[in-house]
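Comments concern the structure below.
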Amino acid sequence: MKRILIIAVAFLIAAAPSFAQVSIDRKVDSLLAIMTLDEKIGQMNQLHPDIHDLETEIRSGKVGSVLSVVGTEWMNRLQKIAVEETRLGIPLLNGRDVIHGFRTIFPIPLGQAASFNPEIVREGAAIAAEEAYHEGINWTFAPMLDISHDARWGRIAESLGEDPLLAGIMGAAMVEGFQGADPENISGIAACAKHFVGYGAAEGGRDYNSTNIPERRLRNLHLRPFKAVADAGVASLMTAFNDNDGIPMTGNTRLIRDILRQEWGWDGMIVSDWESIREMIAHGFCQNEVEAAYKAAVAGVDVEMVSETYIRNLKKMVEDGIVPISVIDQSVGNILRLKFRLGLFDNPYWQPAEAPSSEKALKTAQKAAEESIILLKNTNALPLNAYEIRSVAVTGPLADAPADQIGTWVFDGDVTRSVTPIEAIREMYGDKVEIIYDPILNYSRETLPSDAEKRIRRLSKADVILYFAGEEAILSGEAHCLSSISLQGGQEQLGKLLKETGTKVISIIMAGRPIALKPILENSDAMLFAFHPGSMAGPALTRTIFGEICPSGKLPVTFPVDEGQIPIYYNHNSTGRPSDGKEILLHDIPLNASQTSLGNKSYYLDSGKDPLFPFGYGLSYTSFEYSDIRLSKTEINPDESVEVTLTLKNTGKMAGAEIVQCYIQDEFASAARPVRELADFKKIFLQPGESIEVKMQISPSAMSFYDINMNYSMEKGRFKVFVGKDSDAPLVGTFRL
Ligand code: BGC
């Protein structure tokens, strides 16, 4: 009788129509009030079907969420157990890594960032959410907002680039795409910003490694995109694997409770990373899993992914007065709040529905891929004119690699949706030009076959060679770091041999990270860089190569000359001895030169001070003229903005888009500021001859930072403004605060 009464009360609390008016927090409090300690701790436990017997565990009330259950039938079966066979019938969350698409694959996040187009990112995430929901998922572990300055780190592929403003804008667009516009009433699937925080600064670019980021830098750089998505209403957040200055992020009370919860007032749900609670033992931060559970719970980690230290230990610690019940209540409150925001109590089940249209998804994926392509070099070799050339040779390990072109983190990607470059070229231009195809290398790590030269001679008979090089998907992503970022296998050698034939070579690189491109650039008449562009790599690249569209992507990360320059990034502080690029290089040092202490600067003897390509770099087939650049004010008061206006004209012969970038430098401050930082950008599409007035804002948040006293402030003084097509943009004016 008592059980029936409780179920009835719970049902009323969750479903009564009058309840619609009551705020989610009131619903959460009411439900919490009737939960037992076991039921509460059960909500904090997340299990995986490959490791756990989900049905038994759910039935016993020990599970609040699962991950990686794919299929609505399976998920509905589990949901039915949670809803009908547990005392309170609280529905389950089902998380999955839906990182850059589900069945249809969009460019890897780093490629999406290269589009500088939040709208295309939002559309892609909305399609991914629809496809994932259709397969029983209601929560994705994305976006990843880790700022990385290290191309060796495999997970740079998943990041949204090195700039905190860009990562925040793209991350917020992804969140909106996944969740829908109203965070209180999520219409898609819940998003999860990860990894909180600093994980991208893993020492040496080796995954899971320690980070040592001081608090000012954490706040001025790594936390910024997280703040942007917290403000945009991201539903959840995942703690990172790294220890920062000795404290693993999963036990970091200061960051979670003080900054995220108290300062930011963010009320979403926090999940650990995979076993990252138990891993605090391996870190040497906890002696056993009891201590690990204690430290994570007290730090404010609401849900434990997989490692089960909560379910085994928290109850006793609460009963013994070691963990206050308020800690548990807060965490469970955060979990229930998300379940209400998702409408799970009203609609726990996935209804049978037709699969989302793959046609629409592929069209959007193609647009996203097109916008992510960056033209890095062009000596009048691109675009190809199909009416002028008679034949093209197609070669390289990425010309026909349907699984590699979709990149890392594609558990559910449908490889049969991939259209490869050779397929697209045949389909779109096979009737206009003769195509000679020979990959020479079958995969990116392969060394040159013994008959390579003979086969290359055949390719060189064509008017132009399209060389599709890069990385296999498996060479980037989690735990897939490299100490060398050069092209693998025989690819550089192949590039050289192709060039030596005297036929024009156009290199198209698809990779999960910045590559040390110098050797291959030297052997290319033109180069397109596409990261891993996803399902529609083929049509997107073919349209670009043949000039149906203009490339418009810009680099979202600095490309170093080689890994020895790492970490290298545009928004660094100035040293006391900045280089002016005129210093003597290795081969100019006279023999037996003696050491001097005069005139020394910060640079490398062998690779100088400059990267291969700066952040924001990317060429076009057309040309853009910037004119009449002016600032709205030369003096401002605190909390005022400055508007930058300019006229942009397409002075070339093709329609195309330019990404106009505005950078600032706070010249002198109580703590040194970066030499320049992106303050705003606009992506503008113009027809040939067309011009437009572009307005960009330098907002107070672009000028503010955590000062010498760790206060967030705008400091008095002069700001320099740089406007142009990349992060080397020229100085256009100054203003004073
Ligand atoms: C990764 C996370 C991911 C989780 C679940 C972990 O290994 O670090 O990013 O969301 O696994 O698959």
Side-chain angles (χ1 to χ4, degrees), residues 147-151 162-165 198 200-201 203-205 211-224 244-245 557-590 593-616 663-679 702-722 724 726-737:
I147 300 286
S148 177
H149 297 151
D150 201 326
E162 77 188 27
D163 182 79
L165 179 84
E203 280 188 350
T211 60
N212 284 292
I213 314 168
E215 183 164 332
R216 192 180 341 278
R217 190 156 178 77
L218 262 181
R219 287 177 176 274
N220 285 330
L221 183 68
H222 298 272
L223 283 168
R224 273 181 60 191
N244 187 48
D245 193 18
V557 276
T558 304
F559 270 40
V561 171
D562 57 33
E563 54 280 345
Q565 287 188 326
I566 294 172
I568 188 167
Y569 50 99
Y570 87 95
N571 49 353
H572 56 85
N573 291 351
S574 178
T575 65
R577 294 183 176 196
S579 153
D580 56 12
K582 296 191 182 125
E583 294 80 21
I584 191 164
L585 292 178
L586 196 63
H587 299 291
D588 301 324
I589 302 176
S594 54
Q595 188 180 348
T596 167
S597 48
L598 296 179
N600 291 334
K601 296 285 167 64
S602 178
Y603 76 110
Y604 294 105
L605 287 179
D606 48 0
S607 60
K609 77 165 172 64
D610 291 324
L612 187 61
F613 294 112
F615 172 86
Y663 296 84
I664 59 168
Q665 182 194 19
D666 183 351
E667 262 189 308
F668 302 101
S670 61
R673 304 291 298 128
V675 291
R676 54 181 67 191
E677 271 196 308
L678 189 63
M703 292 176 249
S704 303
F705 74 111
Y706 286 85
D707 66 15
I708 185 90
N709 300 313
M710 214 56 89
N711 293 321
Y712 186 63
S713 64
M714 281 168 83
E715 286 185 356
K716 284 189 179 150
R718 197 166 82 137
F719 288 80
K720 287 182 175 169
V721 181
F722 311 85
D726 57 43
S727 59
D728 277 345
L731 180 71
V732 297
T734 61
F735 65 89
R736 236 169 217 294
L737 173 75

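- With sequence neighbours excluded, the residues that form a ring-ring contact (aromatic ring centres under 6.0 Å, His included) with F735 are F719.
- In this view, E215 and R219, R254, I259, M710 satisfy the side-chain contact (heavy atoms from CB on, under 4.5 Å) rule, not counting sequence neighbours.
- In this structure, OG in S670 is found 9.0 Å from CG in N711, a value given to the nearest 0.5 Å.
- Not counting sequence neighbours, the partners of P674 by the side-chain contact (heavy atoms from CB on, under 4.5 Å) test are N571, N573, E677.
- Considering only residues two or more places apart in sequence or on other chains, D707 meets the side-chain hydrogen bond (donor to acceptor under 3.5 Å, both in side chains) condition with S713.
- A cation-pi contact links R676 to F722, judged by a cut-off of 6.0 Å to the six-membered ring centre and 45° from its axis.
- Legend: residues meeting side-chain hydrogen bond (donor to acceptor under 3.5 Å, both in side chains) with R736, ordered by chain and number and at least two apart, are absent.
- Residues that satisfy the salt bridge (charged side-chain N to carboxylate O under 4.0 Å, His left out) test with R718, not counting sequence neighbours, are E667.
- In this structure, the side-chain contact (heavy atoms from CB on, under 4.5 Å) partners of S727, at least two apart in sequence or on a different chain, are Y570, P614, F615, Y663.
- Here S579 pairs with E583 under the side-chain hydrogen bond (donor to acceptor under 3.5 Å, both in side chains) rule; sequence neighbours left out.
- Qualifying side-chain hydrogen bond (donor to acceptor under 3.5 Å, both in side chains) partners for T734, counting only residues two or more places apart in sequence or in other chains: none.
- In plain terms, the two heavy atoms of I566 and P560 that are nearest each other are CG1-CG, 4.1 Å.
- Sorted by first and then second residue, the side chain to side chain donor-acceptor pair (under 3.5 Å) pairs with a member in residues 599-615 read Q565-S607; sequence neighbours excluded.
- Annotation for I568 and T558: closest pair O-CB, 3.7 Å, computed over non-hydrogen atoms.
- Taking V675 as the reference, H572, S574 meet the side-chain contact (heavy atoms from CB on, under 4.5 Å) condition, with sequence neighbours excluded.
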